[in-house]
Amino acid sequence: MLRRRNRNALFKKIGFIALVLLLLWLIGRTIPYLFRADAPDDAASVVEEFYKFEQAGDFGSSWELFHPLMKERFSKSAYLQSRAHIFMQHFGVETFEFEMEKAEREFDVTVMDGVKPFPEAYKIGITMKYRSTFGQLDIVQTCYVVQNGQEWTLLWYYPGKGEEQHSSESNE
């Protein structure tokens with residue numbers, strides 16, 4: 001009789017310890033996600049702010065939201081001249097409308113050849129709708145938003161030669 005009680009007490013202790021360890025493991029896995037709940041919204045707000053600056057023709061302010069890799073690719077003065085020249089002068093437009101897709105979290109993202117992949121990024125598709133001298137033009141662009149220090153910054157996707165955009169979408 002005594003042995004059965006000791007065995008039952010031992011099983012209860014082991015079960016209690018296992019339950020506590022399981023709860024600690026679940027809490028440890030959940031806490032990081034609680035603090036990152038705003039990340040998709042923060043990433044999307046950077047993209048929205050970027051394209052609102054672009055709509056207003058404030059290309060200097062939109063350039064400031066670029067990741068340093070993009071700033072290396074385009075000097076500020078070259079970016080200002082190119083954007084204004086191509087979209088306003090060539091297309092004959094003053095502004096455009098845009099639609100944003102929902103931010104999708106991705107891991108190990110390569111946005112440019114020869115650049116180390118980002119461990120985590122948010123992918124957001126943008127469709128810009130221009131009413132131009134050439135008719136309605138829709139330009140679709142893929143943006144990635146990554147954290148650079150404490151700030152969210154924007155990158156455009158540049159696939160390698162012969163590479164299609166990597167996506168989690170199925171071919172329909």
- Qualifying residues under salt bridge (Lys or Arg N to Asp or Glu O under 4.0 Å), relative to D138, sequence neighbours excluded: K129

- Considering residues at least two apart in sequence or located in another chain, which fulfil the salt bridge (Lys or Arg N to Asp or Glu O under 4.0 Å) criterion with E49? none

- Note on the structure: Sequence neighbours excluded, the answer for ring pair (Phe, Tyr, Trp, His ring centres under 6.0 Å) partners of F87 is F91, Y130

- Message: Could you work out, with ring pair (Phe, Tyr, Trp, His ring centres under 6.0 Å) as the rule, every residue matching F59, not counting sequence neighbours?
- Response: none

Would you name the heavy atoms of [X] and [Y] that are closest together and state the gap between them?
| X | Y | value |
| --- | --- | --- |
| V109 | A121 | CG2-CB, 3.9 Å |
| L155 | M112 | CD2-CE, 4.1 Å |
| P40 | A103 | O-CB, 3.9 Å |

Euclidean distance, [Y] [atom2] relative to [X] [atom1], rounded to 0.5 Å:
| X | Y | atom1 | atom2 | answer |
| --- | --- | --- | --- | --- |
| K102 | K123 | NZ | NZ | 14.0 Å |
| I27 | L22 | CD1 | CG | 9.5 Å |
| T95 | Q55 | OG1 | CD | 4.5 Å |
| E97 | M128 | CD | CE | 12.5 Å |
| L26 | L21 | CG | CG | 11.0 Å |
| E101 | I124 | CD | CD1 | 9.5 Å |

- Message: Could you work out, with side-chain contact (heavy atoms from CB on, under 4.5 Å) as the rule, every residue matching S45, not counting sequence neighbours?
- Response: none

- Applying side-chain contact (heavy atoms from CB on, under 4.5 Å) to E94 and not counting sequence neighbours gives none

Single-linkage hydrophobic cluster, 4.5 Å side-chain cutoff, [X] and [Y] together:
| X | Y | value |
| --- | --- | --- |
| F134 | F96 | no |
| L137 | I86 | yes |
| W156 | V115 | yes |
| I126 | V140 | no |
| V146 | M100 | yes |

- Task: Evaluate side-chain contact (heavy atoms from CB on, under 4.5 Å) for C143 paired with Y51, printing each intermediate quantity in order.
- Result: CA-CA 11 Å; C143 299; Y51 284 98; 3.4 Å; yes

- Task: Tell me, with the steps shown, if E106 and E120 meet side-chain contact (heavy atoms from CB on, under 4.5 Å).
- Result: CA-CA 6 Å; E106 294 188 359; E120 179 181 13; over 6 Å; no

- Message: I need the full list of salt bridge (Lys or Arg N to Asp or Glu O under 4.0 Å) pairs touching residues 9-21, with sequence neighbours left out, sorted by first then second residue.
- Response: none

- Query: So do the side chains of F50 and V145 get within less than 4.5 Å of each other, counting heavy atoms only?
  - Reply: no

- Message: So W63 and L80, do their side chains get closer than 4.5 Å, heavy atoms only?
- Response: no

- Show your working on side-chain contact (heavy atoms from CB on, under 4.5 Å) between K52 and F98 and close with a plain yes or no. CA-CA 9 Å; K52 283 186 177 184; F98 70 93; 4.1 Å; yes

- Note on the structure: From the list Y144, F53, Y79, W152, ring pair (Phe, Tyr, Trp, His ring centres under 6.0 Å) partner of F66 resolves to Y79

- Residue pair M70, T153: steps toward the side-chain contact (heavy atoms from CB on, under 4.5 Å) verdict: CA-CA 10 Å; M70 293 296 296; T153 56; over 6 Å; no

Enclosure of [X] [atom1] (heavy-atom neighbours >12, cutoff 6.0 Å):
| X | atom1 | answer |
| --- | --- | --- |
| F11 | CZ | no |
| Q141 | CD | yes |
| R83 | CZ | yes |
| K71 | NZ | yes |

Under the rule for side chain to side chain donor-acceptor pair (under 3.5 Å), what residues qualify as partners of [X], not counting sequence neighbours?
| X | value |
| --- | --- |
| Q89 | H85 |
| R73 | Y158 |
| E64 | K76 |
| S62 | E54 |

- Got a sec, which hydrophobics cluster with L23, joining ILVMFWY side chains under 4.5 Å apart, including via others? L19

